[in-house]
Amino acid sequence: MSRKKGSPPLTETLLLATMARRFYVQGASKLEIADEFGVSRFKVARMLDTALESGLVRIEFDLPAPIDVELSDDIRRAYRLDRVLVLERAAEKEPREIVRKKVGALAARLLEEIATPDDVIGLSWARSVNAMTEAIRTLPRCPIVQLCGVQAGMDMRGRSVETVSRVTSVSGGDSYPIFGPLVLPDRRTTEILRHQPGIAETFAQFGKLTKAVVSIGSWEAGESTVYDALDEAERAAIAARGATAEVAARLFDADGNSLGTGLAHHVLAISHEELMAVPEVIAIGYSRPKAEAVDAVLRSGLVSTLVTDAAAAVPLLELARARPLPS
């Protein structure tokens, strides 16, 4: 019987398959394969490429979580991060609430894996961080610290105090909440509250943090906890100063610089300097509207790990390529 037109000879296919098995399954080096078959290592490399291009060898990733490996690696390299987890593209067409739960579940799985009994973990409040805490099933015994006050108008289940309490119930460690509003009317009120015993005890933990989980907010309605807590005049004034992103009530411009405004003096929150000093910061930022904000925060050097979705990652990668980080 004649072989199918255009298909390689059986002997060549067998040789390709044998070399590919040596390399991908048995772990032999290209030099070892070259010596075994009496060819140059360059020919081995070409033959392995042919095995992939022809479909003889297919590489598949069976990950335990729905992660887009290519986008994750591209973003990680573009922004020089330790880790990036991008929720797979299939989730792009799902409602935002479902995407939030899936992104939160990714962050939860990561924190469960990397947390240790020696950690002091800080949590900012955001819907995405809240989704993460709801997905956490196990943590080592370690302190959990609230990074900023409570947004007015939230129901109890969604408040940052409840978020910290929920994680502490899993870890069994000490809880350091902030029983006070996120935004206060003036500097004097803020200073008075900061020195109250319970709140002062929490603020004293900021310098001990080893990990923090935060959300990246965009300076627009519905995309930032702080933005939504301010009146229209103050929102506009801060926007005019160049605010692009917000993390734990701290503001950043498009270049990742800390943005000094009067807001810093009337929020109950970790300072910019204390946040930047945390050794490992896991940031959650997802959806297309937040791409520019995520880009800004990644340029600041604050973040070591990003958890996001493909809807944000695709434009984020375009922003990184259009304006690469300085070498």
Side-chain angles (χ1 to χ4, degrees), residues 63-68 71-72 75 81 83-114 121-137 139 144 146-148 150-151 153-167 170 182 211-229 244-249 281-298 303 305-317:
L63 296 175
I67 297 171
D68 187 315
L71 263 177
S72 297
I75 296 291
L81 301 174
R83 305 182 197 86
V84 174
L85 283 68
V86 177
L87 183 66
E88 63 184 6
R89 295 171 191 258
E92 286 183 321
K93 297 179 181 179
E94 294 177 324
R96 191 166 183 179
E97 293 76 15
I98 300 299
V99 175
R100 181 186 303 133
K101 286 183 178 181
K102 289 187 175 182
V103 169
L106 279 183
R109 184 153 190 172
L110 173 67
L111 189 61
E112 288 173 345
E113 289 183 6
I114 67 174
I121 299 174
L123 300 177
S124 71
W125 186 88
R127 285 178 284 268
S128 55
V129 177
N130 197 36
M132 179 200 75
T133 65
E134 290 179 345
I136 288 177
R137 296 293 176 264
L139 277 180
I144 307 297
Q146 187 175 329
L147 299 182
C148 46
V150 178
Q151 182 188 6
M154 296 299 302
D155 62 52
M156 285 305 295
R157 181 168 174 78
R159 290 187 175 188
S160 48
V161 173
E162 295 304 303
T163 297
V164 168
S165 175
R166 191 179 305 125
V167 178
V170 175
L182 174 62
K211 289 182 175 68
V213 183
V214 300
S215 173
I216 299 175
S218 178
W219 197 247
E220 55 185 298
E223 301 294 342
S224 162
T225 304
V226 177
Y227 183 100
D228 293 340
T244 298
E246 174 258 320
V247 175
V281 174
I282 301 165
I284 305 173
Y286 66 99
S287 78
R288 175 62 188 85
K290 287 191 177 180
E292 287 78 10
V294 175
D295 172 69
V297 175
L298 295 186
V303 176
T305 296
L306 174 68
V307 183
T308 186
D309 66 343
V314 171
L316 184 59
L317 190 57

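When a residue number appears, it is its place in the shown sequence, counting from 1. What you see is a predicted model; the values in this text were computed from it and never measured.
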Between Val281 and Val247, does a side chain to side chain contact (heavy atoms under 4.5 Å, CB included) hold up when you go through it step by step? CA-CA 11 Å; Val281 174; Val247 175; over 6 Å; no
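- Rounding to the nearest 0.5 Å gives a distance of 7.5 Å between CZ of Arg127 and CZ of Arg96.
- Atom CZ of Arg83 is separated from atom CD1 of Ile282 by 7.0 Å, given to the nearest 0.5 angstrom.
- Ion pairing between Lys290 and Glu246 fails under the 4.0 Å rule for side-chain N and carboxylate O.
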I would like to know whether Leu317 and Leu71 meet side chain to side chain contact (heavy atoms under 4.5 Å, CB included); could you show each step before the answer? CA-CA 8 Å; Leu317 190 57; Leu71 263 177; 4.2 Å; yes
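- The backbone N or O of Gly222 sits less than 3.5 Å from a side-chain atom of Asp228, completing a donor-acceptor pair.
- Going from atom CG of Leu182 over to atom CH2 of Trp125 covers 10.0 Å, rounded to the nearest 0.5 Å.
- Under the 4.5 Å side-chain criterion, counting only non-hydrogen atoms from C-beta, Thr163 is not in contact with Gln146.
- Counting all heavy atoms, side chain and backbone alike, Ile136 lies closest to Ala108 at CG1-CB, 3.7 Å.
- Heavy-atom minimum distance, Ser224 versus Ser218: CB-O, 3.3 Å.
- In terms of heavy atoms, Ala107 sits closest to Ile284 at CB-CD1, 3.8 Å.
- Considering only heavy atoms from C-beta on, Ile75 comes within 4.5 Å of Leu316 through its side chain.
- Across Val213, Val307, Leu106, a single residue satisfies side chain to side chain contact (heavy atoms under 4.5 Å, CB included) together with Met132, and that is Val213.
- Heavy atoms only, all atoms of each residue included: Ala212 and Leu147 are closest at CB-CD1, 4.2 Å.
- Side-chain atoms of Asp309 come within 3.5 Å of backbone atoms of Ser287 as a donor-acceptor pair (strictly under, hydrogens ignored).
- The CG atom of Leu306 sits 8.5 Å away from the CG atom of Leu85 when rounded to the nearest 0.5 Å.
- Using a 4.5 Å cut-off on side-chain heavy atoms (C-beta onward), Leu87 and Ile67 make no contact.
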Would you check, one step at a time, whether the test side-chain hydrogen bond (donor to acceptor under 3.5 Å, both in side chains) holds for Asn130 with Arg166? CA-CA 9 Å; Asn130 197 36; Arg166 191 179 305 125; 2.7 Å; yes
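- For the residue pair Ser128 and Ser215, a side-chain donor N or O sits within less than 3.5 Å of a side-chain acceptor on the partner.
- Side chain of Ser72 to main chain of Asp68: a donor-acceptor pair is present (N/O by atom type, distance under 3.5 Å, no hydrogens or angles).
- Going from atom CD1 of Ile144 over to atom CD1 of Ile121 covers 4.5 Å, rounded to the nearest 0.5 Å.
- Here the OG1 atom belonging to Thr308 is positioned 8.0 Å from the CD1 atom belonging to Ile216, to the nearest 0.5 angstrom.
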